[in-house]
Amino acid sequence: MGPMNNMTEVDTERIVYVTEDGEPTGETAPKLAAHHEHTRLHLAFSCYLLRSSDQALLITSRAATKKVWPRVWTNSVCGHPAPGEPIEEAVRRRAAFELGLPRLNGLRCVLPAYRYSTPPFEGVVENEFCPVFVAWVDDDPEPHPDEVGDWRWLSWNDYALLLNDDVTDVSYWAKDQFSQLKDAEPFSSL
């Protein structure tokens with residue numbers, strides 16, 4: 001039995017506090033209670049899913065019912081590893097839960113030390129040590145409606161245009177990550 005089999009939903013709703021270098025401090029907190037105007041630095045991840053057939057990027061709009069950053073367009077999937085959960089397993093768990101995509105091919109970390117904090121959004125500040133991943137998928141998502149309000153496939157060039165579109169609400173971290181991702185493989189050759 002792997003570690004995931006022993007975890008309850010309550011465990012997965014706790015976040016892990018980390019140092020500036022991304023090392024766990026040993027402290028955890030309930031996810032929702034921990035996100036506010038003075039959010040402490042905690043561990044997260046961000047993942048970009050590319051369609052194997054044409055290298056299109058899956059972008060998602062966060063469900064309107066989400067407490068943090070509702071209705072905002074962003075990259076494919078983001079989340080928080082549970083205490084003791086390897087970050088790659090957290091990426092796979094959230095991709096399966098949020099997007100109905102349990103099979104991620106070639107999952108790898110492209111920005112291992114990405115870190116950001118956001119301006120307040122409806123009273124919430126994100127403050128995350130957030131390694132960024134990429135993987136490839138063969139199928140369209142079948143998203144969980146409580147997590148994802150909408151989704152689409154975009155070419156990398158169209159995604160770059162979307163990030164600079166004044167009309168579309170795009171997440172702070174998606175815009176912030178782009179400057180580092182555009183020069184990293186596989187994105188630099190898309």
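Residues: numbered from 1 along the sequence shown. Because the structure is predicted, anything quoted here is derived from the model rather than measured.
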Determine, step by step, whether W151 and L58 satisfy the side-chain contact (heavy atoms from CB on, under 4.5 Å) criterion, reporting the C-alpha distance in whole Å, the side-chain angles of both residues, the deciding distance to 0.1 Å, and the verdict.
-> CA-CA 7 Å; W151 59 273; L58 177 65; 3.7 Å; yes
Relative to the ring of W156, is the ring of Y159 parallel (under 30°), tilted (30 to 60°) or perpendicular (over 60°)?
-> tilted
Quick one: are P143 and E98 in side-chain contact, heavy atoms under 4.5 Å?
-> no
No-hydrogen, no-angle side-chain donor-acceptor test under 3.5 Å, S117 and E126 | no
Please confirm whether the backbone N or O of D21 pairs with a side-chain atom of T19, one donor and one acceptor, at under 3.5 Å?
-> yes
Could you walk me through whether R103 and V137 pass the side-chain contact (heavy atoms from CB on, under 4.5 Å) check?
-> CA-CA 7 Å; R103 278 205 321 277; V137 294; over 6 Å; no
Before giving the answer on side-chain contact (heavy atoms from CB on, under 4.5 Å), spell out for H42 and K31 the whole-Å C-alpha distance, their side-chain angles and the decisive distance to 0.1 Å.
-> CA-CA 10 Å; H42 59 277; K31 182 173 78 171; over 6 Å; no
Which pair of non-hydrogen atoms, one from K175 and one from L163, has the smallest distance, and what is that distance?
-> CE-O, 3.3 Å
Going by atom types only, do D54 and W153 share a side-chain donor-acceptor pair under 3.5 Å?
-> no
Going only through I, L, V, M, F, W and Y residues with side-chain contacts under 4.5 Å, is there a path from L154 to Y48?
-> yes
Any salt bridge between E128 and R115, counting N to O under 4.0 Å?
-> no
With side chains defined as the heavy atoms from C-beta onward, is the minimum distance between V18 and E23 less than 4.5 Å?
-> no
CG of D150 to CZ of R62: how many Å apart, nearest 0.5 Å?
-> 14.5 Å
Less than 4.5 Å apart, any side-chain heavy atom of L43 and any of I15?
-> no
Sorted by first residue and then second, give each ring-ring contact (aromatic ring centres under 6.0 Å, His included) pair with at least one member in residues 119-141; sequence neighbours left out.
-> W69-F121
Would a 4.5 Å heavy-atom cut-off, applied to side chains only, mark E142 and L99 as touching?
-> no
State the CZ-SG distance between F45 and C78, to the nearest 0.5 angstrom.
-> 7.5 Å
Give a yes or no on whether W73 and V148 share a hydrophobic cluster (residues Ile, Leu, Val, Met, Phe, Trp, Tyr; joining criterion: side-chain heavy atoms under 4.5 Å apart).
-> no
Hey, any chance Y116 and I87 share a hydrophobic cluster, counting ILVMFWY side chains that come within less than 4.5 Å of each other, even indirectly?
-> no
Would you give the length of the straight line joining atom CD of Q55 to atom OG of S155, rounded to the nearest 0.5 angstrom?
-> 12.0 Å
Once the angle between the rings of H80 and H35 is folded into 0 to 90°, is it parallel (under 30°), tilted (30 to 60°) or perpendicular (over 60°)?
-> perpendicular
Trace of the side-chain contact (heavy atoms from CB on, under 4.5 Å) decision for D176 with Y114 = CA-CA 10 Å; D176 194 53; Y114 176 72; 2.6 Å; yes
Where do C47 and A135 come nearest, in terms of heavy atoms and distance?
-> SG-N, 4.4 Å
Compare every heavy atom of A63 with every heavy atom of P145, then report the nearest pair and how far apart it is.
-> O-CB, 3.5 Å
Check for a donor-acceptor pair, side chain of N164 on one end and backbone N or O of A160 on the other, with a separation under 3.5 Å.
-> yes
Between OG of S46 and CD of Q177, what distance do you get to the nearest 0.5 Å?
-> 4.0 Å
How many angstroms lie between CG in D165 and CG in D158, if you round to the nearest 0.5 Å?
-> 11.5 Å
Find the distance between CG (D139) and CZ (R51) and round it off to the nearest 0.5 Å.
-> 11.0 Å
Examine distances only and state if a side-chain atom of D169 and a backbone atom of V72 form a donor-acceptor pair shorter than 3.5 Å.
-> no
Could you tell me whether R94 and E147 have a side-chain N and a carboxylate O separated by less than 4.0 Å?
-> yes
Sub-3.5 Å donor-acceptor pair from the side chain of N75 to the main-chain atoms of A174, do we have one?
-> no
H36 backbone acceptor or donor facing H38 side chain under 3.5 Å | no
Taking the side chain as C-beta and beyond, is there a heavy-atom pair between L57 and S76 under 4.5 Å?
-> yes
Where the side chain of R14 meets the backbone of A82, is there a donor-acceptor pair that is under 3.5 Å apart?
-> no
Short side-chain donor-acceptor distance under 3.5 Å, W173 and T74 | yes
Please tell me if the side chains of T60 and V77 come closer than 4.5 Å, counting only heavy atoms from C-beta onward.
-> no
Is it true that V132 and V16 fall in one hydrophobic cluster, defined by side-chain heavy atoms closer than 4.5 Å?
-> no
Should D183 and S188 be marked as a side chain to side chain donor-acceptor pair (under 3.5 Å) after you check the CA-CA gap, both sets of side-chain angles, and the distance that decides it?
-> CA-CA 5 Å; D183 300 321; S188 56; over 6 Å; no
Smallest separation among heavy atoms of A64 and P70, with atom names | O-CB, 3.5 Å
Determine whether L190 and L111 fall in the same hydrophobic cluster, where Ile, Leu, Val, Met, Phe, Trp and Tyr are linked whenever their side-chain heavy atoms lie under 4.5 Å apart.
-> yes
Flag side-chain contact, heavy atom, 4.5 Å: N105 against D138 = yes
For residues V124 and T118, report the shortest heavy-atom separation together with the two atoms involved.
-> O-OG1, 4.4 Å
Where P131 and P112 come nearest, the two heavy atoms and their spacing = CG-O, 3.7 Å
